[in-house]
Number of protein chains: 2
Amino acid sequence: MGSSRPTLRKRIDDRASISREMVGEAEAIFHGHLKRVGLKLTGQRDAILRTFLDTRDHLSTDELYRLVKKHDERIGFTTVYRTLKLLAECGLASEVAFNDGVTRYEHKYNRRNHHHMVCTECGSSVEFFSRDIERIEQEVGRKNKYLPTRHTFQIYGVCERCQKKQKRSLA
Amino acid sequence: MGSSRPTLRKRIDDRASISREMVGEAEAIFHGHLKRVGLKLTGQRDAILRTFLDTRDHLSTDELYRLVKKHDERIGFTTVYRTLKLLAECGLASEVAFNDGVTRYEHKYNRRNHHHMVCTECGSSVEFFSRDIERIEQEVGRKNKYLPTRHTFQIYGVCERCQKKQKRSLA
DNA sequence: TTTGCTGCAAAATGTTTGCACGACC
DNA sequence: GGTCGTGCAAACATTTTGCAGCAAA
């Protein structure tokens, strides 16, 4: 979609929570999806969507559940779990696997395709963008006669902070 | 490490089981590792290593356990589980996450760095090689002051066979 | 009013650990 | 002979499902 270099836009793309208009658009997408598949719009589902959009990326189901609960004590884990699946279905959320044993979700709405580099010491992560990855996905698919639909790419390593920490503990 | 185009070598690299000499080398590596960290060489550990080397890639702990059991009924799941960890420690095995909820392992010994494209319909996978990925790992690490140690890269899609199956069921 | 939603509790799944007995060095 | 390995069983962590009461359309 967007083609020019990211400048100001990047500020928005890199932020976890998104602007008010975007929340509105996301809600519209979600509501449309619910109607399309014959599901109902409920207070819980709305609350979960809002909390999800309003928060940093890479939430596990349990983490989102705890956040949602702060706003409404009476929302259960199961509902958060199932709502996340719905959000993934309509493209508002996507799973990211950091291979730490839990499934995480991040917003997908209006964000450039990006990847993650994860610190294996402290779990922090930074995002990066790479056109090459998309190109490789297409190329490899073509060569092997696969119809590629998605990919995962994560780099694991040690962040600057933890490198320093390690050096200090050696000294 | 190999730099020229893979020709005959590819036949070996792409096969799941490895040659007899390689098994010997792998055993030497394993035995060396055991000695180094003060662990004992046992019949079970040897049997598990052999079965692992002799079998196709991408085994879950449970799958390897079932295979090992065919040769020796009395080897337990726990031992397989722990031995796989040992093999990963000394570099003979590495975890691959296909995001299907189970941790899988593949041989790492004497194989080129490679990646997987996985069919989301039937679970089959093909391997591919890409220099770009290694380059990107280094670049991104440098830019973000991370010390990169490893990465995961999988492409998901639909294989030719399953594409045809889908077309047929539509007709 | 009907249909689907909610949330509890329990099942299912996969991974990891404690411990008593037995095997290796 | 002592130490570590083994395998059972049980603990754990996470995801998923059945069901009775409740709420949206």
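Both backbone and side-chain heavy atoms feed into the values below; hydrogens, waters and symmetry mates do not. Naming convention: chains lettered A, B, ... in sequence-line order (proteins, then strands); numbering from 1 in each chain. Fair warning: this is a prediction, and the values are worked out from it, not measured in the lab.
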Check: Are B:I136 and A:Y156 co-members of a hydrophobic cluster defined by side-chain heavy atoms under 4.5 Å apart?
Finding: no
Notebook entry, point to check: Whole Å only: how far is the CG atom of B:D100 from the C1' atom of D:dT14?
Noted result: 15 Å
Next item on the list: Could you check how far OH of A:Y81 sits from C1' of C:dC5, rounded to whole Å?
Entry: 16 Å
Note to self: Using a heavy-atom cut-off of 4.0 Å across all strands, would you classify B:T103 as base, sugar-phosphate, or nothing?
What the structure shows: sugar-phosphate
Note to self: D:dT16, OP1 or OP2 - any side-chain N/O from A:K85 closer than 4.0 Å?
What the structure shows: yes
Next item on the list: Starting from C1' on D:dG5, measure out to NE2 on B:H31 and report it in whole angstrom.
Entry: 15 Å
Sub-3.5 Å pairs of nitrogen or oxygen atoms, protein against nucleotides 8-13 of chain C:
residue : atom : partner : partner atom : Å
C:dC8   : N4   : A:T78   : OG1          : 3.1

What nitrogen or oxygen pairs link the protein and nucleotides 23-25 of chain D at under 3.5 Å?
residue : atom : partner : partner atom : Å
D:dA24  : O3'  : A:L41   : O            : 3.0
D:dA24  : N3   : A:K40   : NZ           : 3.2
D:dA25  : OP1  : A:L41   : N            : 3.4
D:dA25  : OP1  : A:L41   : O            : 3.4

Next item on the list: Measure the acute angle between the ring planes of B:H114 and B:H116, then classify it against the limits of 30° and 60° as parallel, tilted or perpendicular.
Entry: perpendicular
Notebook entry, point to check: Atom CZ of B:R45 to atom P of C:dA23: distance rounded to whole Å?
Noted result: 15 Å
Check: Within this structure, what is the CZ-to-C1' distance between B:R104 and C:dT15, rounded to whole angstrom?
Finding: 15 Å
Check: Please give, in whole Å, the distance from D:dA13 P to A:D62 CG?
Finding: 12 Å
Check: Can you check side chain to side chain contact (heavy atoms under 4.5 Å, CB included) on B:T83 and B:F52, steps first, answer last?
Finding: CA-CA 10 Å; B:T83 303; B:F52 178 64; over 6 Å; no
Item checked: Nearest-angstrom distance from the residue atom CD1 of B:I48 to P of D:dG5 -> 13 Å
Checklist line | Trace of the side chain to side chain contact (heavy atoms under 4.5 Å, CB included) decision for B:V140 with A:H115 | finding: CA-CA 10 Å; B:V140 172; A:H115 303 97; over 6 Å; no
Next item on the list: Establish whether B:V96 and A:F98 are linked, either directly or via other cluster members, by ILVMFWY side-chain heavy-atom contacts under 4.5 Å.
Entry: no
Checklist line | Full working for side chain to side chain contact (heavy atoms under 4.5 Å, CB included) between A:E121 and A:Q166 | finding: CA-CA 10 Å; A:E121 296 299 311; A:Q166 288 178 344; 3.4 Å; yes
Next item on the list: May I ask you to say what A:K35 touches in the nucleic acid, namely base, sugar-phosphate or nothing, with a heavy-atom cut-off under 4.0 Å?
Entry: nothing
Note to self: How about CZ on A:R135, more than 12 heavy atoms from neighbouring residues, nucleotides or ligands closer than 6.0 Å, or not?
What the structure shows: yes
Next item on the list: Round to a whole Å and report the spacing from OH of A:Y105 to P of D:dT15.
Entry: 8 Å
Checklist line | pair B:T61-B:V80: side-chain heavy atoms closer than 4.5 Å | finding: yes
Item checked: Atom pair CD1 (B:I48) and NE2 (B:H71), whose distance is rounded to the nearest 0.5 Å -> 12.5 Å
